Amino acid sequence: MSRALPKYNKRRVGLAGGAAAVALTGAVIAGTALAGESSEGGGPDARTLAGPGTISCPDVASRLPAIPASAQDEVTRNLAQLDQQVAEANKRLVDTVGQGGPNFVQNAILGPLEDKRTATVNRIATAIGRTADRPAGLDSLATCSLDAQGDPAVPGQEETGGAEPSAPPAEDAAGDAGAGGGDASGVGAISCPDVAPQLPAIPASAQDEVTRNLAQLDQQVAEANKRLVDTVGQGGPNFVQNAILGPLEDKRTATVNRIATAIGRTADRPAGLDSLAACTLTK
């Protein structure tokens, strides 16, 4: 009995030590598995937590009518631009993840992207309309959305789905005011070339449409100046250009193209109006 007892105790200690080692190994394995799942984004949930999502846009090509041969090259070039615009927006979404406030994706990525797409689909419609019926309703395909989990998102979902995924655009949106002067006492003002004096004689049939679009140009500048004030002190040195002046130029490009198209239906289409789209910040 006196000899067996130490041996029994020795076996008991050995078993306990082995069990502890197994438990420790299991914990390490479990911990490693969990860490690997979240860092590598093994599933949809992990992807949502780690990544900013993906921007998806309506397909324009499938909504076009028959394209005249004379317009084919221009339409193809602009369809390629639409793809490039989405690719650039998705890159910005990744590059600015974790920055900004709850409205930055909308204000600095989705909003500017919509403006660019509006200008591009208008160029497509104009190209087709030179020798065929101008397709209507393409503007409705300009709006894109943020898909955070692989499903098309409702506009604005990217702002409420989670702080990190929707924050990306800090670098662009906040910039509305950052580069514009960041000084709350005087952010400056946006000034743009005057389009009306550059127009030729306006046919009577186009007068209402031209007047309406000239009013839109004024409204666009007023909204940009308001945004300049509302976002003062936010963002980095490129924010005014990326989130206010750039989107404003895209909107003005689309508007002056509508003016040129309206005049061109019954008279010579005015050339060079696009050069009047860019605006500047003055202090």
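Everything numeric here is computed off the predicted structure, so don't read it as measured data. This chain uses plain numbering: 1 for the first residue, then up along the sequence. Only this structure's heavy atoms are used, side chains among them; waters, hydrogens and symmetry mates stay out.
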Is there a donor-acceptor pair closer than 3.5 Å between any side-chain N or O of Asn90 and the backbone N or O of Ile55? yes
Apart from Leu141 itself, members of its ILVMFWY cluster (side-chain separation under 4.5 Å) are Val60, Leu64, Ile67, Val75, Leu79, Leu82, Val121, Ile124, Ile128, Leu138
Applying side-chain hydrogen bond (donor to acceptor under 3.5 Å, both in side chains) to Arg265 and not counting sequence neighbours gives Glu209
Between Asp59 and Ser62, the two heavy atoms sitting closest are OD2-OG, 3.2 Å
Heavy atoms of Ala206 and Ala262 approach each other most closely as CB-O, 3.4 Å
Practice problem: Could you tell me whether the side chain of Glu114 reaches within less than 4.5 Å of the side chain of Leu110, counting heavy atoms only? | Solution: no
Only residue of Gln85, Gln84, Lys91 satisfying side-chain hydrogen bond (donor to acceptor under 3.5 Å, both in side chains) with Glu88 is Gln84
Contacts of Ser140 meeting side-chain hydrogen bond (donor to acceptor under 3.5 Å, both in side chains) (sequence neighbours excluded), chain-then-number -> none
Test log, rule side chain to side chain contact (heavy atoms under 4.5 Å, CB included), inputs Ile244 and Leu281
CA-CA 10 Å; Ile244 297 185; Leu281 179 67; over 6 Å; no
Are any non-hydrogen side-chain atoms of Thr261 and Asn122 less than 4.5 angstrom apart?
-> no
Output for pair (Thr54 OG1, Leu146 CG), nearest 0.5 Å, gives 7.5 Å
Requested in this report: Report yes if the side chains of Arg258 and Thr255 come closer than 4.5 Å at any heavy-atom pair, otherwise no.
Outcome: yes
Here the disulfide bond (SG atoms under 2.5 Å apart) pairs for residues 233-283, sequence neighbours left out, are Cys192-Cys279
Note: Leu228 and Gly188 closest approach over all heavy atoms is CD2-O, 3.7 Å
Note: Ala277 and Arg252 closest approach over all heavy atoms is O-NE, 3.0 Å
Q. According to a 4.5 Å side-chain heavy-atom criterion applied to Ile, Leu, Val, Met, Phe, Trp and Tyr, with indirect links allowed, do Ile190 and Leu276 form part of one hydrophobic cluster?
A. no
Taken to the nearest 0.5 Å, the spacing of Thr143 OG1 from Asp115 CG works out to 9.5 Å
On a heavy-atom basis, the closest approach of Pro135 and Pro65 is CB-CD, 3.9 Å
Review point. Just by distance, do the side chain of Arg92 and the backbone of Ala108 share a donor-acceptor pair under 3.5 Å?
Key: yes
Residues at least two apart in sequence or cross-chain that pass side-chain hydrogen bond (donor to acceptor under 3.5 Å, both in side chains) with Ser205, listed by chain then number, are Thr266
Could you check whether any side-chain heavy atom of Lys116 comes within less than 4.5 Å of a side-chain heavy atom of Thr253, counting everything from C-beta outward? no
Residues at least two apart in sequence or cross-chain that pass side-chain hydrogen bond (donor to acceptor under 3.5 Å, both in side chains) with Thr282, listed by chain then number, are none
Check your understanding: Within a radius of less than 6.0 Å around CG of Asp268, do more than 12 heavy atoms belonging to other residues, nucleotides or ligands occur?
Key -> no
